[in-house]
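Proteins come first, then strands; the chains are lettered A, B, ... in the order of their sequence lines, and each starts at number 1. Here the structure is a predicted model, which means the values were calculated and not measured.
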Amino acid sequence: MPELPEVENARRCLIKAELPGRAFTKADIGWAKSVKTPDLEEFALGLRGGVVQDVHRRGKYILLPLVNGESETRTLILHLGMSGGLSVQPRTNPMHPLVRHTFSLDDGRELRFEDGRKFGKIWLVSDPSEVLPPLSPDPLEGGLTPQVLAKSLEGRNAPIKALLLEQSIVAGMGNLYADESLFLAGINPTRSAAGLTGEEIDRLQQSIVNALTASIEKYETARDESWPDPPRALTGWTHPRTEGAPCPRCNGPFTGTRVRGRGTYYCPKCQG
DNA sequence: AGTACGTCCTGATCGC
DNA sequence: TGCGATCAGGACGTAC
């Protein structure tokens, strides 16, 4: 589930749970392959004693800058993959069966990393740029202007939907919000990026920002209402994801197809 | 370089 | 109700 809005929601939950200021006392890794850097032993050793300074997000990555007693700084980086989720809970709370990793804190709570499909990833590094892939400016912080987007799409003949999923083009974009952005912009997901007009790219850029912002707002409300239970996954998009379902705009039937192997839904009439 | 495909995993859901 | 088949919202390595 985690795309930019879900990861941003997770980030805000960790802030609200007052994770910053706490120190890690222990790492319990339940699926070794999740830890990419360094090796397991060094990871557990390096994490111990680290005091969380803040919770940042870069695209779909959560970054926890840590400082230990000797004022050495490292960063714990988490990627939630396809099915990951994070929560901070008292150690005594019942453990969800899909929690793969737990990071004990110095106040009797622990950071829990749930990851049913085991596609999540974890790094502990001195310099995040060692492991982070190239990412576009964050769509929520104004850096992803129509000009920047147009430049990224220049000369690219792949379907626009496929390119929106590239994190170097739109950091944080995922399959669902790609469909939603294209629906809002009225653009067919299968069209070649190079064939888009300047006006369409402008509309697409605006739709990307709108789609992500609207979803985050929904999470914001849900979090306030349901705290401390993290908001369940909510429907942060407006287009249907069922073949034949009525288009919210023209009432015509939605089409389901595959673009680069990913489930793709669009209105053939509004997104001709 | 750009594009397309297979692969890593298991839980949830669908159809018979 | 039970059970096998299919599907899932990410990302990367590989090959053309």
Side-chain angles (χ1 to χ4, degrees), chain A residues 1-10 29-37 57-62 77-86 95-101 113-123 128 130-136 139 151-184 189-196 208 211-212 214-216 218-219 230-245 254 256-266:
Chain A
M1 121 190 7
E3 304 183 34
L4 188 150
E6 289 74 30
V7 178
E8 177 61 19
N9 179 54
I29 299 299
W31 181 250
K33 287 169 87 172
S34 302
V35 178
K36 305 319 244 184
T37 312
R57 179 185 58 76
R58 293 269 292 118
K60 296 175 195 168
Y61 297 80
I62 295 266
I77 304 179
L78 307 171
H79 191 292
L80 302 180
M82 199 94 93
S83 56
L86 297 170
M95 188 70 74
H96 187 287
L98 298 181
V99 170
R100 306 291 186 196
H101 317 293
F113 192 148
E114 179 185 328
D115 184 20
R117 244 174 125 180
K118 298 181 176 173
F119 285 168
K121 294 183 175 64
I122 301 172
W123 300 261
E130 293 168 18
V131 297
L132 290 180
L135 298 168
S136 82
K151 183 90 179 161
S152 304
L153 299 178
E154 212 171 58
R156 302 291 301 267
N157 290 303
I160 181 61
K161 158 82 182 271
L163 296 185
L164 287 185
L165 293 175
E166 289 188 12
Q167 301 300 294
S168 57
I169 296 181
V170 186
M173 185 56 75
N175 198 42
L176 285 170
Y177 293 98
D179 278 4
E180 175 72 359
S181 303
L182 290 162
F183 172 64
L184 294 181
T190 63
R191 282 182 55 195
S192 157
L196 297 179
I208 290 167
L212 299 174
S215 177
I216 287 172
K218 277 198 176 188
Y219 276 107
R232 298 182 306 102
L234 49 78
T235 309
W237 54 94
T238 62
H239 70 281
R241 298 191 70 72
T242 311
E243 171 98 42
F254 249 59
T257 183
R258 298 216 156 245
V259 174
R260 282 270 240 286
R262 314 301 303 280
T264 301
Y265 296 88
Y266 66 100

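- Picking from C/dA8, C/dG9, B/dT3 the nucleotide with the shortest atom distance to the side chain of A/Arg156 gives B/dT3.
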What protein N or O atoms touch nucleotides 11-16 of chain B N or O atoms at under 3.5 angstrom, if any, and at what distances?
none

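- Contact of the A/Phe254 side chain with the A/Thr242 side chain is not registered, since no non-hydrogen atoms from C-beta on lie closer than 4.5 Å.
- The OH atom of A/Tyr265 sits 11.5 Å away from the CH2 atom of A/Trp237 when rounded to the nearest 0.5 Å.
- When each of A/Glu154 and A/Gly261 is assigned the nucleotide of DNA chain B with its nearest heavy atom, A/Glu154 is the one assigned upstream, toward the 5' end.
- Remark: P of B/dT3 and CD1 of A/Ile169 are 9 Å apart, rounded to the nearest angstrom.
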Sub-3.5 Å pairs of nitrogen or oxygen atoms, protein against nucleotides 11-16 of chain C:
from	atom 1	to	atom 2	distance (Å)
C/dA11	OP1	A/His79	NE2	2.5
C/dA11	OP2	A/Lys60	NZ	2.6
C/dA11	OP2	A/Gln167	NE2	3.4

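- Taking the side chain as every heavy atom from C-beta outward, A/Thr37 and A/Ile77 never approach each other to under 4.5 Å.
- Remark: DNA chain C forms stems of 3 or more consecutive Watson-Crick or G-U wobble pairs, all pair distances under 3.5 Å, at B:2-8 with C:10-16, B:10-16 with C:2-8.
- A search for salt bridge (Lys or Arg N to Asp or Glu O under 4.0 Å) contacts involving A/Asp179 returns A/Lys161, A/Arg241, not counting sequence neighbours.
- The side chain to side chain contact (heavy atoms under 4.5 Å, CB included) check on A/Arg57 picks up A/Leu4, A/Val7, A/Glu8, A/Arg11, A/Asp138, A/Leu140, with sequence neighbours excluded.
- Listed candidates were B/dT3, B/dT10, C/dG9. Nearest to the side chain of A/Asn157 is B/dT3.
- One distance of note links NZ of A/Lys60 with CG of A/Leu135; it measures 10.0 Å at 0.5 Å rounding.
- Taking atom P in both B/dG11 and C/dC12, the straight-line distance is 24 Å, to the nearest Å.
- Regarding A/Glu166, its CD atom lies at a distance of 13 Å from the P atom of C/dG10, rounded to whole Å.
- Spacing between B/dG6 and C/dT6 at atom P, rounded to whole Å, works out to 16 Å.
- Residue A/Glu3 contributes atom CD, which lies 5 Å from atom C1' of C/dG9 at whole-angstrom precision.
- At whole-Å resolution of the value, OH in A/Tyr177 and P in C/dG10 are 11 Å apart.
- In this structure, A/Leu80 places its CG atom 18 Å from P of B/dT10, rounding to the nearest Å.
- To the nearest angstrom, P of C/dA8 lies 12 Å from CD of A/Glu243.
- Rounded to an integer number of Å, the gap from CZ of A/Phe119 to P of C/dG9 is 12 Å.
- For the pair A/Leu80 and A/Phe113, the minimum side-chain heavy-atom distance is below 4.5 Å.
- Among the protein residues, A/Asp115 comes within range of no part of the nucleic acid, since none of its heavy atoms lies under 4.0 Å from any strand.
- Using a 4.5 Å heavy-atom threshold, the side chains of A/Ile29 and A/Arg100 count as separate.
- Atom CD of A/Glu114 sits about 11.5 Å away from atom NE2 of A/His101, to the nearest 0.5 Å.
- Rounded to whole Å, the distance from CD on A/Glu114 to P on B/dT10 is 15 Å.
- In this structure, A/Asp115 and A/Trp31 have side chains that are not in contact, with every pair of non-hydrogen atoms separated by 4.5 Å or more.
- To the nearest 0.5 Å, the span separating CD on A/Glu6 from CG on A/Leu86 amounts to 12.5 Å.
- Residues meeting the ring pair (Phe, Tyr, Trp, His ring centres under 6.0 Å) test with A/Tyr61, sequence neighbours left out: A/His79, A/Trp123.
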